[in-house]
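Below is one structure, written out as structure tokens, with a few remarks after it.
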Amino acid sequence: MKICEQLHMIKGITAVIGSGGKTTLLRILAEELSGTVILTTSTHILPFAGIPLLVTDDIEQVRRALALHRVICMGTPAAEGKLTAPALSFSVLADAADYVIVEADGSKRLPAKAHAAWEPVLPPERNRTVCVFGASALGQPIQDAAHRPELYASLAEVSPEAVITPAIAARV
């Protein structure tokens with residue numbers, strides 16, 4: 001069974017949050033879903049290798065790109081070669097593509113994460129939110145495997161030296 005089927009993906013805007021595999025999940029979903037797909041962010045991502053990148057505020061240009069490529073990446077250039085949110089709103093993009101998949105969270109490439117008060121940056125128009133957790137965090141000390149380890153430990157009611165277990169991850 002495909003991951004998109006296991007997640008019961010529906011057309012529209014899906015936000016992907018959490019840690020440890022968000023970008024990989026976006027790429028897999030783009031490959032599995034039938035129809036047009038825009039990969040983007042509400043925070044920061046790196047462009048996807050092998051997927052056309054479009055930087056525009058012209059919706060007709062987006063439609064033309066999707067007619068040629070089925071899957072595109074959109075965003076606004078930012079520091080360190082990353083992209084931030086696109087110039088067009090997510091709802092406008094959803095009118096042009098079957099699926100808009102938004103990486104709506106950052107975790108500094110760590111497999112576990114505790115959200116600060118301002119996170120995640122969820123598009124209000126989304127119809128689905130998928131939370132990702134990196135299984136490689138299991139068996140690792142919170143202080144080594146979690147983004148915001150002090151907050152993670154506090155939410156789990158353990159010390160930052162505690163080892164992440166499935167029960168601790170579920171608590172957070």
Side-chain angles (χ1 to χ4, degrees), residues 1-78 80-115 118-138 147 166 169-170 172:
M1 178 179 266
K2 294 179 180 180
I3 291 175
C4 66
E5 294 167 351
Q6 292 174 347
L7 293 175
H8 305 286
M9 293 293 293
I10 57 176
K11 291 183 177 182
I13 302 167
T14 297
V16 179
I17 65 169
S19 56
K22 293 182 305 293
T23 303
T24 299
L25 178 60
L26 265 69
R27 181 177 282 284
I28 290 169
L29 291 173
E31 291 171 4
E32 291 184 349
L33 291 166
S34 58
T36 54
V37 179
I38 296 174
L39 302 177
T40 190
T41 185
S42 60
T43 58
H44 292 90
I45 58 171
L46 288 167
F48 292 83
I51 295 177
L53 171 62
L54 188 61
V55 177
T56 187
D57 62 358
D58 180 352
I59 192 62
E60 291 309 316
Q61 196 174 9
V62 174
R63 287 187 172 96
R64 286 191 299 273
L66 286 168
L68 290 173
H69 300 289
R70 193 186 73 78
V71 177
I72 62 171
C73 177
M74 288 193 66
T76 302
E80 300 171 16
K82 293 185 177 182
L83 302 170
T84 190
L88 294 166
S89 72
F90 299 117
S91 59
V92 168
L93 295 178
D95 286 337
D98 295 315
Y99 300 91
V100 177
I101 308 174
V102 182
E103 189 168 315
D105 208 0
S107 62
K108 304 285 188 201
R109 300 190 182 274
L110 291 168
K113 177 180 182 159
H115 289 102
W118 62 86
E119 298 174 303
V121 183
L122 296 168
E125 314 91 338
R126 76 195 181 285
N127 53 19
R128 165 114 345 153
T129 302
V130 175
C131 184
V132 176
F133 170 80
S136 65
L138 299 173
H147 180 43
V172 175

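The analysis underlying the following values was restricted to heavy atoms, covering all of them including side chains, and did not include hydrogens, waters or symmetry mates. Small disclaimer: the values here were computed from a predicted structure and weren't measured.
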*State the CG-CG distance between Leu39 and Leu83, to the nearest 0.5 angstrom.*
11.0 Å
Tell me, do [X] and [Y] make a side-chain contact under 4.5 Å, heavy atoms counted?
X: Met9; Y: Glu32; result: no
X: Leu122; Y: Ile17; result: yes
X: Val130; Y: Leu29; result: no
X: Leu66; Y: Ile72; result: yes
X: Leu54; Y: Cys73; result: no
X: Val132; Y: Thr24; result: no
X: Ser19; Y: His147; result: no
X: Ile51; Y: Arg27; result: yes

Which atoms form the tightest heavy-atom contact between [X] and [Y], and what is the distance?
X: Ser107; Y: Lys22; result: OG-NZ, 3.4 Å
X: Ser42; Y: Val121; result: OG-O, 2.5 Å
X: Pro120; Y: Ala104; result: CB-O, 3.2 Å
X: Ala78; Y: His44; result: CB-CD2, 4.1 Å

*Verify the distance criterion only: is there a donor paired with an acceptor across the side chains of Thr43 and Glu103 at less than 3.5 Å?*
no
*Looking at Leu53, Thr41, Thr56, which hits side chain to side chain contact (heavy atoms under 4.5 Å, CB included) with Met74?*
Thr56
Is [X] reaching over with its side chain to a backbone N or O of [Y], donor-acceptor style, under 3.5 angstrom?
X: Gln61; Y: Asp58; answer: no
X: Asp105; Y: Gly18; answer: yes
X: Asn127; Y: Lys11; answer: yes
X: Arg126; Y: Pro123; answer: yes
X: Arg70; Y: Gly35; answer: yes
X: Thr40; Y: Gly75; answer: no

*Derivation of the side chain to side chain contact (heavy atoms under 4.5 Å, CB included) call for Thr84 and Ile45*: CA-CA 7 Å; Thr84 190; Ile45 58 171; over 6 Å; no
*asked:* Checking Arg63 against Glu60 for the salt bridge (charged side-chain N to carboxylate O under 4.0 Å, His left out) test, could you report, in this order, the C-alpha distance in whole Å, the side-chain angles of both residues, the deciding distance, and whether it holds?
replied: CA-CA 5 Å; Arg63 287 187 172 96; Glu60 291 309 316; 3.1 Å; yes
*asked:* For Phe133 and Val172: C-alpha separation, side-chain torsions, deciding distance, then whether side chain to side chain contact (heavy atoms under 4.5 Å, CB included) applies.
replied: CA-CA 11 Å; Phe133 170 80; Val172 175; over 6 Å; no
Under 3.5 Å, side-chain donor or acceptor atoms of residues 90-102 against the rest of the protein: list the pairs with distances, not counting sequence neighbours.
from	atom 1	to	atom 2	distance (Å)
Ser91	OG	Ser89	OG	3.2
Asp98	OD2	Thr36	N	2.8
Asp98	OD2	Thr36	OG1	3.4

_Walk me through whether Lys113 and Lys108 qualify under side chain to side chain contact (heavy atoms under 4.5 Å, CB included)._
CA-CA 9 Å; Lys113 177 180 182 159; Lys108 304 285 188 201; over 6 Å; no
*Full working for side chain to side chain contact (heavy atoms under 4.5 Å, CB included) between Thr129 and Thr14*: CA-CA 6 Å; Thr129 302; Thr14 297; over 6 Å; no
